[in-house]
Amino acid sequence: MQGKKYIMGIFKDEDQVVSTLAALKETAYKFQRVHSPIPSHKIMAALGLKKSKVGYFTLVGGILGLISGFALAIFCSTRWNLIVSGKPIISLIPFFIVGFEFTILFAVFGNVIGLLTQARLPSFKEVEYYDPRCSGEHFGVLAACEPMQQDGLKDFFQQNGGEVKVFE
Amino acid sequence: MSQLTYASIDQTILNTLGPPKKYYWAIVAVLFLGVLIGGACWVYQIFVGIGVGGQNNPVAWGTYLINFVFWVGIAHSGTLISAILHLFRAGWRNPIARAAETMTVFAVCIAGLFPFIHLGRVWQVYYMLPIPNHRLLWPNFLSPLMFDVIAISTYLTVSTLFWYTGLLPDLAAVRDRSQGTRKKIFKFLSMGWTGAHDQWRHYTRGYLFFAALATPLVISVHSVVSWDFALGITPGWHTTIFAPYFVAGAIHSGLAMVLTLMIPLRKIFRYEKIITSDVLENVAKTIVFTGLIVGFAYATEFFIAWYSQNIVEMESFRWRAMGDYQLEFFIMVVCNTILPLFFLFKNIRRTIPLLFGISLFVNLGMWYERFVIIIGGVAHGFSPHAWGLYRPTGVEYGILIGSFCLFFFLFLLFTKHLPSVSMTEMKETLEHGGSHAG
Amino acid sequence: MPENNSEKAVSKKYGSGWIFFGLIIIGLTAFIYGILSPHPEKAWQAYLINFLLWSAIAQGAVLFSTVMHMTKARWSGPLSALSESFAAFFPLSFVLFLVLFLGRAHIFPWLHEDLHGKEVWLNIPFLFTRDCVGLLVLYAIGFAYLYNALQLRCDPDHVRNGFHKFIYKGWIRNNRSPEEVKKKMTLWAGLYILAFTLVLSLIGYDLVMSMDPHWISTLFGGYAFVKAFYVGLGALIILAAVTQIRKGKASGLAPSHFHDIGKLFFAFCLLWADFFYVQLTVIWYGNIPEETHYVIERTVMVPWSKLAWTVFIVCFVVPFVILLNKKVKSKPVFMVILCSAIIIGFWLEHLLLLAPALSHDVHSLPLGVSDGLITIGFFGLMVIAVSFFLKRFPEITKDSQVRPSG
């Protein structure tokens, strides 16, 4: 993105952010992202985001877990291969417990893997274009523009009630 | 709630991470001493043998099992508050969710120590893992003790991951407001979280699944723990009500521990505006509910024991109420079902010292409930010739004290190093008075 | 006047009740024919199953409103009001219970058995007295709760009929203060929840578990009241869906209501299955013949094993798989079909629990046309009761809180 200028509008009020986002769509400036200290329904609705795919990871994890749980219990039991307390070697009623716990465990692993891969965490490199105030009480709307448009973008943010931060 | 702003929330909570007062160090030192005492007792037991405990024939399960069930129980209400109440979109959970979830993680860790302690020959703990031991034997998953291994490890893993995920945005907030070493540490811990909309999109979905998965997990884990007893045929143990009864009891004791922890925390850290007395009142009301369920279970067990007209069952329960451990039974019933009924009165619910006092009694009562169930079950079984009694020894008391000290020690360390109230969730409450269930 | 028109419209919609009166007649005829036949116990068995199922539905549905009030839940909206309409079945349920007395010789297998000391508990006078008192207390508390809840829903300026006047008097007595009414509602709601657990457990022990007098399960009471809430929620969803289909937007029901109650229904589906599994595992594992004979007869023996699998699949597997999907919950027609299937599943579940004790040594399921007809009669009774209530209190199907609440 050579030559592009990144400017962040920093707002204190969630509703201002929502109206700014709506207004930003009308302009030629390229919207990058919004930083917020809380997960805001209003902002996400305004952005019209698609549903996250994390759930698929969870589901796959859960199915794998169900199969592994039963498989582990059945495998160990067939290795033991002795009738204990008159119960069949492969008894599904108690093995269901093992299967259930593994379902939850692997579903959670899937959930975490999904969360990390989809949100692209952990990322230990320096985050470009971030203001530490955005984890406190401010919201940051990041937009990109051509170098000559930067004054226009700065004015746009100020008109909508935000402070301006220019990134070099 | 209305006087809170994002800034004041941040300020109040981040202030708690500053250098502690002198008495903090004194308390930590005392607790650490308690931990050392417990550790010393355990080491002594490893070298001399499990016989230094009071376990005997017939009472082979003593305070180690009581403590195990007690600590797993404490852990459950943390998950109730952070996961189940999240699904119900109950906003009053937000101020206490972080501390409750932390309580869960530490309580499960301590609970997990007890089967290990009770093992005696701790070097053989690997027998429990699904790897063939040196006699090429694999564990037998038909055993409820193996269910326990799986359930507790799952619960520990899931709770820790859930806790850490919840912490993530707060870790970023602390990172952005610190300097030097602390900034470096929190930079690492927050894994590059920036609060970008895309991150939040995946986060809220993932958190919702965490909550949805943790809920059945909570019910299954304490059901599995109850099955350690119920799947055997011992009278007083072999009864179908155990699973929901234990889950309700776990939540009961855990909520009481939440009150025991939150009330001093709130005072010391000046969280009065955040953990309001409304929140504490809601916890108290839930305690009434769980107390009634526990009371219902007690009554049902006695009724069905009589209804069965089975002489062994009837004797087992007669002895429980009127036998050698009558006092423990009395403590159990009064502390768990009668005292919480005082919370039906609004003035009592709003009086903080009374909340604290009654919560301590509930904790005591729930410990004694496990005593009555576990000891009372095996001490007075089928064969009168085999009836016996049990008394914990000094080593067991040492380990008991050690476990409580370890819990409070870890919790105190937590309160000074990590934000003990979730800043993110508190700010969300300001916006729409509820939690962010997607 | 617009109120009269809407009242007429409401009575027209629910006035096609003649068909339901017809169903009641059919049921009554089939029942009388059954008890006059050489095998009256078959008819009494069907009667008992229906009494238990439909009473549980009514009790469970009203529980929804009390629980929503106690937890100060805000999402339920008109659903709480709709659930209260099931209370109209309470008096009918009480009368139906009294009728059971007439069939006592054919219902209770332990009447002529040696009960080894249990006679103190299992004897007709004591059983009927305590269950009567229990049901009376439960229903009285339910009505007391309703008396207060309706004060907040009825518009005092439109006192229409005798019921309204009665409610209005109560509102005056409460100094027209919503806070006072809510305090009373909290008291009665709490008592109802307590009575629900105790009375349904008692009925479960007395009318279901005792049919095999030498079998015990401490969780049976809990199982009975979780079952009741589950079917009650199912019936509430059906009522809400039917109201939504008939009245559209005027019902005050939004897709979010269906979504939320669908989630609660799913949760109770899981809880019911959990209670079922918990009982099964403890009994299976302990392998004590005194306990296992009950379960073996119902899950392994012919002809009951197929019934057991049917019940499990209809009441758990199917709703579990279907309700995992988010969108399905807000489709009223589909939910009516699903919930109806589940209620039929629970009819079969009651059959599974009761019939092996009531009809020993059978080679095929003791299920016939007359059972279906008797069930239809009870269904008609329930519909008449609910629509009677909705006709008297049409505000229910509008946005419920007429006056501003605290």
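Within every chain, numbering begins at 1; the chains are lettered A, B, ... in the order of the sequence lines, protein sequences first and strands thereafter.
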Taking only Lys NZ, Arg NE, NH1 and NH2, and the carboxylate oxygens of Asp or Glu, determine whether Arg93(B) and Glu425(B) approach each other closer than 4.0 Å.
-> yes
Trp237(B)/Trp227(B) aromatic ring centres below 6.0 Å = no
Could I get the full list of ring pair (Phe, Tyr, Trp, His ring centres under 6.0 Å) partners for Phe242(B), not counting sequence neighbours?
-> Tyr245(B), Phe246(B)
With a 4.5 angstrom heavy-atom cut-off, could you sort out which part of Ile9(B) is near chain A: side chain, backbone, both or neither?
-> neither
Sort out for me which of Ser190(B), Ala196(B), Ala7(B), Ala172(B) touches chain A most, counting heavy-atom pairs under 4.5 Å.
-> Ala196(B)
Without swapping roles, check the side chain of His86(B) against the backbone of Ala211(B) for a donor-acceptor pair under 3.5 Å.
-> no
Keeping the roles fixed (side chain from Thr58(A), backbone from Ala107(A)), state whether a donor-acceptor pair exists under 3.5 Å.
-> no
N-O pairing of Lys42(A) and Asp15(A) below 4.0 Å = yes
Checking Lys50(A) against chain B: side chain, backbone, both or neither under 4.5 Å from a heavy atom?
-> both
Interface residues of residues 10-17 of chain B facing chain A - heavy atom cut-off under 4.5 Å = Asp10(B)
Part of residues 63-74 of chain A lying next to chain B, heavy-atom separation under 4.5 Å = Leu72(A), Ala73(A)
Pick whichever of Pro132(B), Gly195(B), Ala173(B), Gly192(B) has the most heavy-atom pairs under 4.5 Å with chain A.
-> Gly195(B)
Could you tell me whether the side chains of Thr104(B) and Trp163(B) share a donor-acceptor contact shorter than 3.5 Å?
-> no
Electrostatic pair Arg98(B)-Asp170(B), nearest N-O below 4.0 angstrom = yes
Say whether Glu101(B) and Thr79(B), considering side chains only, have a donor N or O and an acceptor N or O under 3.5 Å apart.
-> no
Options Ser153(B), Pro144(B), Ser143(B), Ala151(B), ranked by heavy-atom pairs under 4.5 Å with chain A, top entry | Ala151(B)
By residue number, those in residues 213-223 of chain B with heavy atoms under 4.5 Å from heavy atoms of chain A are Leu213(B), Pro216(B), Leu217(B), Ser220(B), Val221(B)
Pick from Leu82(A), Leu47(A), Val54(A), Ile97(A): which one has the most heavy-atom pairs with chain B under 4.5 Å?
-> Ile97(A)
Proximity breakdown for Phe188(B) and chain A, heavy-atom pairs closer than 4.5 Å | both
Is the distance between the ring centroids of Trp138(B) and Phe75(A) under 6.0 Å?
-> yes
Salt bridge between Lys30(A) and Glu146(A), side-chain N to carboxylate O under 4.0 Å?
-> no
